[in-house]
Amino acid sequence: MTKLIVFDFDGTLGDTLELILKCNHETRRRMGAPEIPDSAIIATIGIPLRDGLRVMNPGVLEEDIPLWFRTYREVFAEYEPQMVPALFPGVKETLSALHSRGFILTVASSRETDSLKSFLERMGIAPYFDYVLGAEDVVNAKPNPEPVLKTLEQFGVIGPECLVVGDMPVDIQMGLGAGAVTCGVTFGNSSREALEAAGANYVIDSFDKLLSII
(Lines give C-alpha, C1' and ligand atoms only; values in the text may rest on other atoms or scores of the structure.)
Protein backbone atom coordinates (compact mmCIF):
# COMPACT_ATOMS: atom_id res chain seq x y z
CA MET A 1 0.00 0.00 0.00
CA THR A 2 1.48 3.34 -1.05
CA LYS A 3 2.03 5.83 1.77
CA LEU A 4 4.69 8.10 0.30
CA ILE A 5 5.24 9.53 -3.20
CA VAL A 6 8.60 10.97 -4.26
CA PHE A 7 8.47 13.25 -7.30
CA ASP A 8 11.22 14.41 -9.58
CA PHE A 9 10.85 18.09 -10.54
CA ASP A 10 12.26 18.93 -13.98
CA GLY A 11 10.16 17.26 -16.65
CA THR A 12 7.79 15.72 -14.10
CA LEU A 13 6.14 18.61 -12.26
CA GLY A 14 7.49 21.60 -14.16
CA ASP A 15 8.27 22.11 -17.83
CA THR A 16 11.77 23.55 -17.50
CA LEU A 17 13.16 22.38 -20.84
CA GLU A 18 13.25 25.80 -22.54
CA LEU A 19 15.01 27.35 -19.54
CA ILE A 20 17.56 24.53 -19.34
CA LEU A 21 18.36 24.71 -23.05
CA LYS A 22 18.69 28.51 -23.07
CA CYS A 23 20.96 28.53 -20.02
CA ASN A 24 23.24 25.84 -21.39
CA HIS A 25 23.54 27.35 -24.86
CA GLU A 26 24.25 30.82 -23.44
CA THR A 27 26.81 29.38 -21.01
CA ARG A 28 28.63 27.73 -23.91
CA ARG A 29 28.58 30.99 -25.86
CA ARG A 30 30.11 32.92 -22.97
CA MET A 31 32.72 30.21 -22.42
CA GLY A 32 33.67 30.23 -26.11
CA ALA A 33 32.73 26.58 -26.46
CA PRO A 34 31.28 25.06 -29.66
CA GLU A 35 27.53 24.57 -29.93
CA ILE A 36 26.11 21.14 -29.14
CA PRO A 37 22.69 19.75 -30.11
CA ASP A 38 19.75 20.08 -27.74
CA SER A 39 19.71 16.29 -27.38
CA ALA A 40 23.14 16.35 -25.73
CA ILE A 41 21.84 18.79 -23.12
CA ILE A 42 18.60 16.90 -22.57
CA ALA A 43 20.56 13.71 -21.90
CA THR A 44 22.06 15.35 -18.77
CA ILE A 45 18.73 16.38 -17.22
CA GLY A 46 18.29 14.67 -13.87
CA ILE A 47 21.93 14.68 -12.80
CA PRO A 48 23.63 17.48 -10.82
CA LEU A 49 24.79 20.52 -12.78
CA ARG A 50 28.51 19.93 -12.20
CA ASP A 51 28.22 16.37 -13.47
CA GLY A 52 26.19 17.51 -16.46
CA LEU A 53 28.83 20.09 -17.37
CA ARG A 54 31.48 17.35 -17.33
CA VAL A 55 29.35 15.10 -19.56
CA MET A 56 28.71 17.88 -22.08
CA ASN A 57 32.41 18.84 -22.12
CA PRO A 58 34.32 15.54 -22.07
CA GLY A 59 37.70 17.20 -22.66
CA VAL A 60 37.34 19.94 -20.07
CA LEU A 61 40.01 20.25 -17.40
CA GLU A 62 38.74 19.61 -13.89
CA GLU A 63 40.13 22.94 -12.71
CA ASP A 64 37.94 24.69 -15.28
CA ILE A 65 34.67 23.19 -13.99
CA PRO A 66 34.19 25.87 -11.28
CA LEU A 67 34.30 28.60 -13.96
CA TRP A 68 31.74 26.74 -16.06
CA PHE A 69 29.60 26.34 -12.97
CA ARG A 70 29.81 30.03 -12.03
CA THR A 71 29.04 31.09 -15.58
CA TYR A 72 25.97 28.86 -15.74
CA ARG A 73 24.72 30.23 -12.44
CA GLU A 74 25.18 33.80 -13.69
CA VAL A 75 23.20 32.98 -16.83
CA PHE A 76 20.52 31.22 -14.81
CA ALA A 77 20.17 34.20 -12.48
CA GLU A 78 19.48 36.40 -15.52
CA TYR A 79 16.93 34.11 -17.15
CA GLU A 80 15.19 32.61 -14.12
CA PRO A 81 13.12 35.66 -13.06
CA GLN A 82 11.62 35.87 -16.56
CA MET A 83 10.91 32.16 -17.05
CA VAL A 84 8.85 30.51 -14.33
CA PRO A 85 8.24 26.94 -15.50
CA ALA A 86 4.72 25.96 -16.44
CA LEU A 87 3.08 23.11 -14.58
CA PHE A 88 2.33 20.14 -16.76
CA PRO A 89 -1.42 19.57 -17.32
CA GLY A 90 -3.19 18.09 -14.31
CA VAL A 91 -0.29 18.52 -11.89
CA LYS A 92 -1.89 20.92 -9.40
CA GLU A 93 -5.26 19.14 -9.41
CA THR A 94 -3.67 15.73 -8.95
CA LEU A 95 -1.35 16.90 -6.16
CA SER A 96 -4.36 18.40 -4.40
CA ALA A 97 -6.26 15.13 -4.69
CA LEU A 98 -3.32 13.06 -3.45
CA HIS A 99 -2.72 15.46 -0.56
CA SER A 100 -6.36 15.34 0.47
CA ARG A 101 -6.25 11.53 0.44
CA GLY A 102 -3.44 11.59 3.00
CA PHE A 103 -0.41 10.63 0.93
CA ILE A 104 2.96 12.02 2.00
CA LEU A 105 4.24 14.00 -0.99
CA THR A 106 7.91 14.86 -1.42
CA VAL A 107 10.36 16.04 -4.07
CA ALA A 108 13.84 14.67 -4.85
CA SER A 109 15.66 16.67 -7.50
CA SER A 110 19.21 17.19 -8.73
CA ARG A 111 18.38 20.90 -9.12
CA GLU A 112 20.03 23.20 -6.56
CA THR A 113 17.85 23.47 -3.47
CA ASP A 114 17.25 27.25 -3.53
CA SER A 115 16.17 27.14 -7.18
CA LEU A 116 13.97 24.12 -6.54
CA LYS A 117 12.16 25.63 -3.56
CA SER A 118 11.76 28.96 -5.34
CA PHE A 119 10.10 27.31 -8.32
CA LEU A 120 7.77 25.25 -6.13
CA GLU A 121 6.66 28.42 -4.35
CA ARG A 122 6.24 30.50 -7.48
CA MET A 123 4.34 27.72 -9.26
CA GLY A 124 1.89 27.50 -6.34
CA ILE A 125 2.53 23.86 -5.37
CA ALA A 126 4.93 24.15 -2.41
CA PRO A 127 2.18 23.64 0.21
CA TYR A 128 1.52 20.12 -1.06
CA PHE A 129 5.00 18.86 -0.20
CA ASP A 130 6.13 17.64 3.20
CA TYR A 131 9.81 17.28 2.29
CA VAL A 132 12.03 18.67 -0.46
CA LEU A 133 15.52 17.42 -1.31
CA GLY A 134 17.81 19.28 -3.71
CA ALA A 135 21.28 18.58 -5.01
CA GLU A 136 23.08 19.85 -1.89
CA ASP A 137 20.98 17.72 0.47
CA VAL A 138 22.57 14.40 -0.47
CA VAL A 139 26.10 13.08 -0.95
CA ASN A 140 25.17 10.74 -3.79
CA ALA A 141 22.75 12.01 -6.44
CA LYS A 142 20.56 10.11 -8.88
CA PRO A 143 20.73 7.36 -10.02
CA ASN A 144 22.06 6.49 -6.57
CA PRO A 145 19.13 5.61 -4.27
CA GLU A 146 20.29 7.95 -1.49
CA PRO A 147 17.63 10.66 -2.08
CA VAL A 148 14.84 8.09 -1.75
CA LEU A 149 16.48 6.25 1.14
CA LYS A 150 16.88 9.54 3.02
CA THR A 151 13.21 10.35 2.41
CA LEU A 152 12.09 6.91 3.58
CA GLU A 153 14.11 7.32 6.77
CA GLN A 154 12.63 10.77 7.36
CA PHE A 155 9.09 9.36 7.47
CA GLY A 156 9.71 5.82 8.73
CA VAL A 157 8.40 4.28 5.51
CA ILE A 158 9.75 1.18 3.77
CA GLY A 159 10.55 0.88 0.08
CA PRO A 160 7.45 -1.03 -1.09
CA GLU A 161 5.25 1.66 0.51
CA CYS A 162 6.88 4.34 -1.67
CA LEU A 163 6.16 5.35 -5.26
CA VAL A 164 8.87 7.25 -7.16
CA VAL A 165 7.66 9.33 -10.11
CA GLY A 166 10.01 10.78 -12.72
CA ASP A 167 10.62 11.40 -16.40
CA MET A 168 14.20 10.13 -16.76
CA PRO A 169 15.80 6.68 -16.45
CA VAL A 170 17.91 7.98 -13.53
CA ASP A 171 14.69 8.55 -11.56
CA ILE A 172 13.60 4.98 -12.15
CA GLN A 173 17.02 3.60 -11.25
CA MET A 174 17.06 5.67 -8.07
CA GLY A 175 13.67 4.35 -6.99
CA LEU A 176 14.38 0.72 -7.81
CA GLY A 177 17.68 0.92 -5.94
CA ALA A 178 15.76 1.95 -2.83
CA GLY A 179 13.26 -0.88 -3.19
CA ALA A 180 10.44 1.47 -4.19
CA VAL A 181 7.78 1.12 -6.84
CA THR A 182 8.47 3.36 -9.82
CA CYS A 183 6.41 5.28 -12.36
CA GLY A 184 7.79 6.97 -15.45
CA VAL A 185 6.06 9.86 -17.20
CA THR A 186 6.33 10.28 -20.96
CA PHE A 187 5.47 13.99 -21.20
CA GLY A 188 8.87 15.13 -19.89
CA ASN A 189 12.34 14.71 -21.33
CA SER A 190 12.57 10.99 -22.01
CA SER A 191 10.58 8.30 -23.84
CA ARG A 192 8.37 5.38 -22.93
CA GLU A 193 10.97 3.01 -24.37
CA ALA A 194 13.78 4.45 -22.23
CA LEU A 195 11.65 4.36 -19.07
CA GLU A 196 10.56 0.79 -19.68
CA ALA A 197 14.15 -0.23 -20.40
CA ALA A 198 15.14 1.29 -17.04
CA GLY A 199 12.63 -1.04 -15.36
CA ALA A 200 9.72 1.28 -14.52
CA ASN A 201 6.82 -0.56 -12.90
CA TYR A 202 4.37 1.87 -14.52
CA VAL A 203 4.61 4.34 -17.38
CA ILE A 204 1.91 7.00 -17.77
CA ASP A 205 1.22 9.60 -20.45
CA SER A 206 -0.60 12.17 -18.29
CA PHE A 207 -0.05 13.22 -14.69
CA ASP A 208 -3.62 12.53 -13.57
CA LYS A 209 -3.13 8.82 -14.37
CA LEU A 210 -1.33 8.61 -11.03
CA LEU A 211 -4.71 8.53 -9.35
CA SER A 212 -5.54 5.26 -11.07
CA ILE A 213 -2.35 3.36 -10.13
CA ILE A 214 -2.23 3.97 -6.36
Side-chain angles (χ1 to χ4, degrees), residues 2 4-24 37-49 51-52 55-56 83-95 98 103 105-113 115-117 119-120 123 125-126 128-129 131-135 138 141-148 151 162-178 180-214:
T2 302
L4 167 69
I5 306 175
V6 178
F7 293 96
D8 169 53
F9 178 75
D10 294 274
T12 300
L13 299 173
D15 185 358
T16 55
L17 182 57
E18 182 183 4
L19 177 60
I20 290 170
L21 293 176
K22 282 191 173 185
C23 287
N24 275 283
D38 289 352
S39 59
I41 298 170
I42 293 169
T44 68
I45 294 176
I47 64 176
L49 175 59
D51 295 337
V55 171
M56 288 183 280
M83 300 181 66
V84 179
L87 290 169
F88 286 106
V91 166
K92 192 164 190 176
E93 298 83 355
T94 302
L95 291 175
L98 292 169
F103 291 101
L105 306 181
T106 75
V107 178
S109 173
S110 293
R111 176 173 290 280
E112 292 188 340
T113 306
S115 165
L116 175 61
K117 290 184 175 180
F119 278 149
L120 292 173
M123 294 160 71
I125 56 175
Y128 297 119
F129 295 106
Y131 194 57
V132 175
L133 285 178
V138 295
K142 306 173 188 181
N144 191 284
E146 183 184 339
V148 176
T151 303
C162 172
L163 177 67
V164 175
V165 183
D167 71 312
M168 297 294 283
V170 291
D171 299 309
I172 304 305
Q173 294 159 1
M174 173 184 67
L176 293 176
V181 180
T182 60
C183 177
V185 301
T186 63
F187 50 78
N189 301 306
S190 188
S191 66
R192 173 176 290 273
E193 293 74 21
L195 294 164
E196 290 176 343
N201 301 101
Y202 301 95
V203 179
I204 58 176
D205 299 317
S206 62
F207 198 86
D208 59 357
K209 294 296 183 185
L210 278 176
L211 298 172
S212 65
I213 68 172
I214 56 173

Validation row: [X], [Y] side chains within 4.5 angstrom (heavy atoms):
X    : Y    : result
L116 : L133 : no
V203 : T186 : yes
T2   : V181 : no

* Should T16 and R111 be marked as a side chain to side chain contact (heavy atoms under 4.5 Å, CB included) after you check the CA-CA gap, both sets of side-chain angles, and the distance that decides it? -> CA-CA 11 Å; T16 55; R111 176 173 290 280; 4.1 Å; yes

Sequence neighbours left out, cut at 3.5 Å: what donor-acceptor pairs do the side chains of residues 206-214 make with other protein atoms?
from	atom 1	to	atom 2	distance (Å)
S206	OG	D208	OD1	2.7
S212	OG	K209	O	2.7

* To do: Evaluate the side chain to side chain contact (heavy atoms under 4.5 Å, CB included) criterion for residues K142 and M168: first the C-alpha distance (whole Å), next the side-chain angles of each, then the deciding distance (0.1 Å), finally the verdict.
  => CA-CA 10 Å; K142 306 173 188 181; M168 297 294 283; over 6 Å; no

Of the non-hydrogen atoms in [X] and [Y], which two are nearest, and what is the gap between them?
X    : Y    : value
A40  : M56  : O-CG, 4.0 Å
F187 : T12  : CE1-O, 3.5 Å
F129 : I125 : CD1-O, 3.3 Å
V170 : G46  : CG2-O, 4.0 Å

* Would you call the rings of F9 and F119 parallel, tilted or perpendicular, where under 30° means parallel and over 60° means perpendicular? ->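 The arrangement is parallel - the two ring planes meet at less than 30°.
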
Can you tell me how far [atom2] of [Y] sits from [atom1] of [X], rounded to the nearest 0.5 angstrom?
X    : Y    : atom1 : atom2 : result
N201 : L176 : CG    : CG    : 6.0 Å
D51  : T44  : CG    : OG1   : 10.0 Å
L105 : I5   : CG    : CD1   : 5.5 Å

Donor-acceptor contact below 3.5 Å, side chain [X] vs main chain [Y]:
X    : Y    : answer
D167 : V185 : no
S109 : G134 : no
S110 : A135 : no

* Mind running side chain to side chain contact (heavy atoms under 4.5 Å, CB included) on L4 and Y131 for me, showing each step along the way? => CA-CA 11 Å; L4 167 69; Y131 194 57; over 6 Å; no

* **Partner of L17 by side-chain contact (heavy atoms from CB on, under 4.5 Å), out of I41, N189, D38, D10** =>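 Of the listed options, the one satisfying the test is N189.
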
* Member of L95, T106, V164 meeting the side-chain contact (heavy atoms from CB on, under 4.5 Å) criterion with F7 ->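 Answer to the side-chain contact (heavy atoms from CB on, under 4.5 Å) test with F7 among L95, T106, V164: L95.
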
Would you mind writing out the side-chain donor-acceptor pairs for residues 191-200 within the sub-3.5 Å range, not counting sequence neighbours?
from	atom 1	to	atom 2	distance (Å)
S191	OG	A194	N	3.1
R192	NH2	D205	OD1	3.0
R192	NH2	D205	OD2	3.1

* **Non-neighbouring partners of K92 that pass salt bridge (Lys or Arg N to Asp or Glu O under 4.0 Å), sequence neighbours left out** =>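 Residues passing salt bridge (Lys or Arg N to Asp or Glu O under 4.0 Å) with K92: none at all.
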
